[in-house]
Amino acid sequence: MDELFTPPVDRWDPAVAGRLSGRDEVVYRSHLVGADPALTKEGGGNFSVKDVAVNRGGRTVEVLYMSAWGCDGATATPDDFPALRLADLLRLRDSGPLSESEMIGHLVDSGLRGEQRRPGIETLTHAFIPARHVDHCHPDAVIALTASPGGRQAAEDEFGEEAIWFDYRQFDVGVARELAERIAAEPRCRFVLLANHGIFTWADTSERCYRNSLEAVERATRALRKVQCRPADLGGQAVPTPPPDAAEDLLAELLPAVRGALSGTLPGAGRGDGRGVGRGVVLHLDRSPEAVGFASSVRGPGWTQAGPGCPDHLVTVGYRPLVLDRTPAGPAEVLAAIRRHRDWYDAYYDRHVAGPARAPGKRDNGPRAVVLPGLGAVTSGPDAAKARLCADHLTQTMTVIRAADAAGGYRSLSEAQGAADEYWPLMRLKPQLRAGQEPLAGVVFLVAADDERADAVAARLAAAAAHVALAAPPARRAAAIAAAAVISGRYGERRAVALVRDTDRGAVRQAVLAYGGFDVVVAPATRMTAAASDAVVAPATRVNPAAGGNGLARAALPVFARQGRPGSILLLGEGGAEPSVCEPAGDGRSRSDGLAGGGAAVHTVVATDPEAVARAAIFLTGSGGTTWLDTTLVAASGAPETTTTTRGNP
């Protein structure tokens, strides 16, 4: 049973902790818990300390420093811990009935300062527990124990009077009051086991509170071991796994189709007006042995349809991922499965969501995670960080299922409860649910990184929230890796990746495996003959041979076709100091969207300045203006003729 869980690591440093007090104590503890995936996932859980602070009138008051709603404990700062007047919170302990909106209003009004961040929904539970330090987190082992058929009895046998079992409910003032009463009635109680959710721990010192969480995980693992009744292999392998090279070849065909089908399925994604490439999604591919083994097992994929491992997953994965019953032979099977998932989601919404819960609008019905037998799992998000968080949540569900199945089964939230939480107004406010609104959110560029100017172009695109795959020749591999690391460090997780361009097709394949696909290729212009073009360009992906070309651009055409969305190719010509001009398509926008069902429009920019090239690339996505200051753009339509119009800046 131990191999099912990566045990938490005791990272407490007395030398550091001993110098801290008040809010700094809880910030330090949140870093330890939030950075340990055995205790919680990014953005999950919350932490508090009761202390004193000085109000605007100069008076000292008792406060609760409470982590803000949805903040990531691993990276939290003092600003993520708003100060709330403790006396105002404690008045709600016996204040009578309170609606959700009244509760939220009271939490906001209790803030010591008006400009603070909004506190988490478990704030009243933290306030009502009399200990100075309180933590809430989502350990795999505790969730697995509470999701097992015999988990409650196993927990009672292991924890006895030291723990309270609490069946799953949405957090409101009633839950906070009930937990406070039950804790007060059990003097030996040190833990609350929240079924299908996580734990509460508390203590009068920060160190003891932290160690209580570590202890809870150790004891939950021990309890599960005692009730294990079958091998932890989910029934063994049901679907054979292809050799690695064959699997990646198949994924290179599948992922662009998945990305194209899901583009526009996240809040803010997809422009819907045909302009430019529109907003897409970024995919995260999990080919780990654990993911492939789970996806290929007898019982694992089926269990995922019973609900999430933790309600936090409703924000990212949704109630359940899309599961295929075999290794798909090609994109058509996956696309058909996505359509079936959309039909299921529409029915799920109609069955369970009504009244005020419909006010914010229905989330898109596309799957956010796909389990592919024999291949692994694919998750999506409006950027790489959110796609990875979706993968983390799916991984937690897989871990919980594996352990619970070994103990006899798996129990999660019902469809009705899942929908109630997914459409709970407070859940919809969680930061992890918000899509980026930047101009290039969800747009992926494949850039030929032949020299340092390409690195500068990539940095400028990433600054506008794009993701960039830098395809570097072998001699520039180290430089491209360094550039990608700098870009990601500055603009966000995996905003840039470095690829080795031994061959153009190989670079395109790596870009697909990295992001699921791409929308724009930026590469040096080289002349290609009509014969060469005719040999590689299918009718659905027509590119005018006279427009010039590039091996990387030609290799990208099948990706655009599989995505089912037109792409753009920006070829960098020689020259420079011409007056700034561009060619709109009659309505002030670029001719980059003219080919249905895939295809690509080819454009040439004559410039050497990376800023000018980047702004031309942004323009072609439909995200920029119609003029810029210091470059020349010559835009070619798709086919059959080339039309070039030159217009100077106003």
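Model, not experiment: these values are computed from the prediction. Any value given below was found using the heavy atoms of this structure, including those in side chains, with hydrogens, waters and symmetry copies removed.
Nearest approach of Ala507 to Leu552, heavy atoms of both residues: CB-CD1, 4.1 Å. Residues Ala556 and Val521 share a closest heavy-atom pair of CB-CG2, 3.6 Å. Contact record, Ser296 with Thr241: OG-CG2, 3.7 Å, taken as the closest heavy-atom pair.
The residues Arg388 and Asp286 are annotated as not salt-bridged, no charged nitrogen and carboxylate oxygen being separated by less than 4.0 angstrom. At a threshold of 4.0 Å, the pair Asp383-Arg494 does not count as salt-bridged, since none of the basic side-chain nitrogens sits closer than that to a carboxylate oxygen. A salt bridge is defined here as a Lys NZ or Arg NE, NH1 or NH2 lying under 4.0 Å from an Asp or Glu carboxylate O, and Asp80 with Arg117 meets this definition. For the pair Arg326 and Glu333, the salt-bridge criterion is met [side-chain N within less than 4.0 Å of a carboxylate O].
The aromatic rings of Tyr423 and Tyr345 sit tilted, their planes meeting at an angle between 30° and 60°.
Inter-residue side-chain proximity for Pro328 and Leu254 is flagged as met; some heavy-atom pair is nearer than 4.5 Å.
The neighbour count for Arg287 CZ, taken as heavy atoms of other residues, nucleotides or ligands under 6.0 Å away, is above 12. Sparse packing is recorded around CZ of Arg490, with 12 or fewer heavy atoms of other residues, nucleotides or ligands lying under 6.0 Å away. The number of heavy-atom neighbours closer than 6.0 Å to CZ of Arg477, taken from other residues, nucleotides and ligands shown, is 12 or below. For Asp245, the CG atom is loosely surrounded, since the number of other residues' heavy atoms within 6.0 Å does not exceed 12.
In this structure, CG on Leu394 lies 14.0 Å from CZ on Arg320, to the nearest 0.5 angstrom. Between His197 atom NE2 and Tyr168 atom OH the span is 6.0 Å, to the nearest 0.5 Å. Distance check, rounded to the nearest 0.5 Å: CG of Leu513 to CD of Glu248 gives 5.5 Å. Rounding to the nearest 0.5 Å gives a distance of 6.5 Å between CD1 of Ile487 and CG of Asp455. Here the straight-line distance linking atom CZ of Arg340 with atom CG of Leu324 works out to 7.0 Å at 0.5 Å rounding. From Trp424, atom CH2 reaches atom CG of Leu314 across 11.0 Å, with rounding to the nearest 0.5 Å.
Looking only at atom types and distance, the side chain of Asp421 has a donor-acceptor partner in the side chain of Gln417 under 3.5 Å away.
Across Asp72, Thr316, Asp140, a single residue satisfies side chain to side chain donor-acceptor pair (under 3.5 Å) together with Lys41, and that is Asp140. Here the options are Asp519, Leu461, Val520, Val512, the test is side-chain contact (heavy atoms from CB on, under 4.5 Å), and the partner is Val444; only Asp519 passes.
For residues 307-336, the ring-ring contact (aromatic ring centres under 6.0 Å, His included) pairs, not counting sequence neighbours, are His313-His393, Tyr319-Tyr348.
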